[in-house]
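Below: the structure, in C-alpha cells.
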Amino acid sequence: MDDLQQRLQMALASAHMAIWDSSVVEGSILDGMVTWSREGAVLLGFEARPLRQSFRTFLTFVHPDDRDVLLDQMQQRVSDCQDYEIEYRIVRADGRQRWLSARAQTVCEDGKPVRTLGLIWDTTERKEQELLLAEQKELAEVTLRSIGDAVITTDAGGATTFMNRAAEQLTGWSSRSAAGASIANVMRVIDEASEQPVDNVASTCLQLRQPVGTSSRHLLVTREGRRVPIEDSAAPIWAHDGAMIGAVAVLRDVSHERHLSRELNWHASHDGLTGLMNRRAFESELAHALASAKADSAHHALLFLDLDRFSVINDTCGHGVGDLVLQLLAKVLQTHLRDSDVLARLGGDELAVLLRACPLHQAISVAEGIRQAIKDFRFPYENRSLELGASVGLVAIDQNSSSVTELLIAADHACSVAKELGRNRVHLYSGSDAVLARRQGDMRWVARLNEALELEHFRLFAQPIVSMREGGGGHDEVLLRLAAGEELILPGEFIPAAERYDLMAQVDRWVIEHVCRHVAAEREQVLQLEAAGMLAPAPPQLYSINLSGFSFSDDGLVDHIRRQFAAYRIDPSSICFEITETAVITHLDKAQQFMAVLRALGCRFSLDDFGSGLSSFAYLRSLQVDYLKIDGAFVRDIAVNSVNHALVRAINEVGHVMGICTVAEFVEDQATLDAVRAIGVDYAQGYAVGKLRPMLHA
C-alpha cells in the first residue's frame, strides 16, 4: 500500500496535480474542512507540506469575483450527490493570481453528502492563452465590423463564413442568411463595360491559391439587384500546417470615385458651360477626320464661327446673360447638324463644326444654314430682343490637307476675311486669305490704336470687388474699352495687336495715368463737397489696374508710375496692379523684379485668372501677391459642378495658407454667390455683386 501511494504521489507530481479533500457538515460545504496534499499547499502559495483549513478560510484565497459562483456551483452539485468540475481564480499568499481547475466526486452515505474528493491543478498558462486568443479574436472582429471596407471570408470550399457590417450593407445579405451560402451567390459580380458575369475575386483566389489584385471595372450585384461599382481583392487564408482553409475578400464601394472620374473625363473633353466638345477633344476628332481623308480619300469640312456682337451682350447684360445665350444657341445649332457632325466651343464666342463625309458644295449649304440660324436667333431680355450674327470660315478637308494646326489656322483666317468683308457671311478659305487677314487686320488695329491713344478714344470702367464679410469693404477693378461710335470694343479684340506691334506699353501707361487722374479728381470732389457741408460718398480705397506681361520689359514704366504718383499725389497703397498668371509665368524674372520695386513703394499686386495654368501652385510660391483671383471658368458653375467646387475650395485654402486674400471672378448669380461665401472666399466680383460703371473723371 505504501508503494502504491508513493507511485500515486509521483504520478500526481508529474501531472502537476494535487489531491483536494473537503468535508461536508450537515449538507453544507461552507462549514466543512479542506485538506490539501503537499502539492495542493504549494498551489495556494504555502510550503510543500499537507495543509488543513476550514472551507471559509479557503474561500478567502478565491478571487472575490469568483467566490459566489464557486460556492453556489459546488453546493448545488454536492447537495445532489453529483460529481463536479469547476474552474476559478485564486489569489495566493504571495499576492499572485492563478487559475485552478478541480474535478471531484461527492461521497454520500445514506443519500447524504459527507465529503468530496478529487484532483486540482494549475491551468494559468492555458487560461491566459485562451483569454489572449479570445481578446485578439474580439479585437479582430470589432476591427472588421468597424472598418469602412466590406470584408467577407469563406472556407476552402467557397462557403461564406463571416461578413462584417459593411459587407452586409453593401451586399444586402445578413451574416445569418449568408452563413454557409456559396460566395458565388453572396458576391455576384459583373463587368462594368460588358455587364457580363465574371468570377468574383474570392472564387478566383481559391482556384489559383494566391492573392488576386484589385479590379476597377467590377459592379457588385446586390441581393436586391442594385449594381454598385466596387474595387475588390482577395487573399488566401493559410493554416499553420500550410493548408489553405479559406479566403478573405475585401470590397470597397467606389460609386463616388467612379462618378467623379466620369465627371473629370467628361470635363477633360467638354466645355462646362455649353456641354459641347472642347478644343482638345475637337482637335482629336479633327485628327481622325484628317487621317481618314488621307487614307480613304474621304471629304470632310471644317467650319470656324465667330459670333458678331456677342461682346456687346456680355458687356451690357453681364456674363450670366452671355452664358445663357451661348447655351441656348448651342442647342439651336445642334438641330441643324447630323448625328455624325461635331459641334465644339473652342473658347469665348468661338465655335467650330466638323462636317464628316461632307462634300464641299454640301458643306457650303450647311454653313449658310448655320449662319442664317444664328441670324434668326432671338433672346428676349428686359423688354428688348438680343440678336447675334456670325462670321463663318470654311475649309475643305481632303487628302491634300497638311495638319490639324494648319486646318485650324486656315479656318481662322477664312473667318477673319469674312469679318473684314462685312461680317455675317460665310467665306471659303483660299491660299491668299492668311496674308490678307493678317495684313488687313493688323494694319487696321495699329491705326485704330494709335488714333485711340492720340484722340482719347479709350474708356475706363470700374467693377466692384466686394468683400464677403459684413463690413469688410472692397475695391474696384479698372477695365479698359475702346470706343467705336456707340460700340465698345473689348480688350480681347485689340490687345493681341497692341502686344504684337509694341503698343501695349503705351496703352498701359495711358491707363495708369488716367486712373491716377481719376483718383485725384475724386479726392478733390470729396474735399469740395465736405467744404460745402455736404455728405460726400467715400471713393474706393483701392483701384486694381491690369498690366500686360509685355510691360514688364518696359524699362521706363516704373519711373512713369512714380511720376504719375507724384503729379497727382497718389498714395501707392491705393493702387493694385493686376497681372495674369500666364503673363507672370512667361516673364517670371522680370515680373519678380518689377513687383519687388513697386511693392517697396507700397503698391499691391493681384494675380489674375489663377488656376488656368498647369503649374499654378508651384509658381505661386515664388511670387509675393496680395490677392489671388480664381479663374472665372472654375467659379461660374460651382453651385452645380462638384469638380469646379472642389478646385475653387482647394485654391482658396492654398491662398489662405499663404496669407493671400482670394477673389472669385464671374460671380453672376445668387447661387454662385452663396457657394463662394460658403467656401470662405474673401471677395467676389461679377454682376451678382456689382455692374460696370464708367469712370467719369478718367
Side-chain angles (χ1 to χ4, degrees), residues 1-138 240-241:
M1 188 66 178
D2 290 341
D3 183 55
L4 180 61
Q5 288 182 344
Q6 185 177 6
R7 290 184 180 183
L8 177 60
Q9 291 294 333
M10 290 176 64
L12 292 174
S14 178
H16 302 288
M17 291 182 174
I19 296 175
W20 157 281
D21 188 355
S22 177
S23 63
V24 179
V25 178
E26 295 182 358
S28 171
I29 62 172
L30 188 60
D31 296 328
M33 299 293 293
V34 181
T35 302
W36 300 89
S37 66
R38 56 194 303 272
E39 292 81 10
V42 172
L43 290 178
L44 293 180
F46 294 105
E47 295 181 7
R49 61 183 182 181
L51 174 67
R52 182 176 172 81
Q53 60 184 181
S54 68
F55 196 91
R56 295 179 187 275
T57 301
F58 157 69
L59 281 180
T60 63
F61 290 93
V62 178
H63 193 284
D65 293 344
D66 296 348
R67 287 174 188 167
D68 292 341
V69 175
L70 174 66
L71 181 61
D72 290 344
Q73 289 184 355
M74 286 184 64
Q75 183 64 62
Q76 181 179 350
R77 303 297 289 180
V78 168
S79 298
D80 295 337
C81 289
Q82 294 181 349
D83 300 340
Y84 64 84
E85 292 185 16
I86 196 164
E87 190 172 50
Y88 56 92
R89 289 169 292 176
I90 63 169
V91 181
R92 301 194 332 176
D94 58 8
R96 295 174 61 189
Q97 179 177 300
R98 307 296 290 178
W99 279 91
L100 300 182
S101 286
R103 181 181 301 133
Q105 292 181 334
T106 301
V107 179
C108 292
E109 296 177 357
D110 299 328
K112 295 181 179 181
V114 295
R115 64 184 293 203
T116 64
L117 180 64
L119 299 176
I120 191 165
W121 61 95
D122 190 320
T123 59
T124 301
E125 291 184 3
R126 177 184 61 79
K127 190 65 177 180
E128 288 180 346
Q129 187 67 26
E130 288 179 358
L131 292 174
L132 178 61
L133 290 174
E135 182 179 339
Q136 291 176 341
K137 181 181 179 182
E138 178 65 18
H240 292 297
D241 59 2

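The shortest distance between side-chain heavy atoms of Asp66 and Val69 does not fall below 4.5 Å. Side-chain contact check for Leu44 versus Gln53: some heavy-atom pair is nearer than 4.5 Å. When side chains are defined from C-beta on, Lys127 does not count as touching Arg89, because their heavy atoms never get closer than 4.5 Å. Proximity of Gln76 to Tyr84: side-chain heavy atoms (C-beta onward) are nowhere separated by under 4.5 Å. With a 4.5 Å cut-off on side-chain heavy atoms, Val107 and Val24 do not count as touching.
With Thr123 contributing its side chain and Arg126 its backbone, the two residues share no donor-acceptor pair below 3.5 Å.
Nearest approach of Ala41 to Arg49, heavy atoms of both residues: CB-O, 3.2 Å. The two atoms that bring Cys81 and Gly111 nearest to each other are SG-O, 3.7 Å, heavy atoms only.
Between the CZ atom of Arg67 and the CZ atom of Phe61 there is a distance of 10.5 Å, given to the nearest 0.5 Å. Here the straight-line distance linking atom CD of Gln129 with atom OG1 of Thr124 works out to 13.0 Å at 0.5 Å rounding. Here the straight-line distance linking atom OG1 of Thr35 with atom CG of Leu51 works out to 8.5 Å at 0.5 Å rounding.
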Quick one: side chains of residues 25-34, donor-acceptor pairs under 3.5 Å with protein atoms, not counting sequence neighbours, listed by atom name and distance.
residue, atom, partner, partner atom, Å
Ser28, OG, Leu30, N, 3.3
Asp31, OD1, Arg56, NH2, 2.9

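Using the six-membered ring where Trp is involved, Phe58 and Trp20 have ring planes that are perpendicular, over 60° apart on the 30 and 60° scheme.
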Do Gln73 and Tyr88 pass the side-chain contact (heavy atoms from CB on, under 4.5 Å) test, and can you show the C-alpha distance, the side-chain angles, and the key distance before you say yes or no? CA-CA 11 Å; Gln73 289 184 355; Tyr88 56 92; over 6 Å; no
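Residue pairs meeting the side chain to side chain donor-acceptor pair (under 3.5 Å) criterion with at least one member in residues 102-114, sequence neighbours excluded: Glu85-Arg103.
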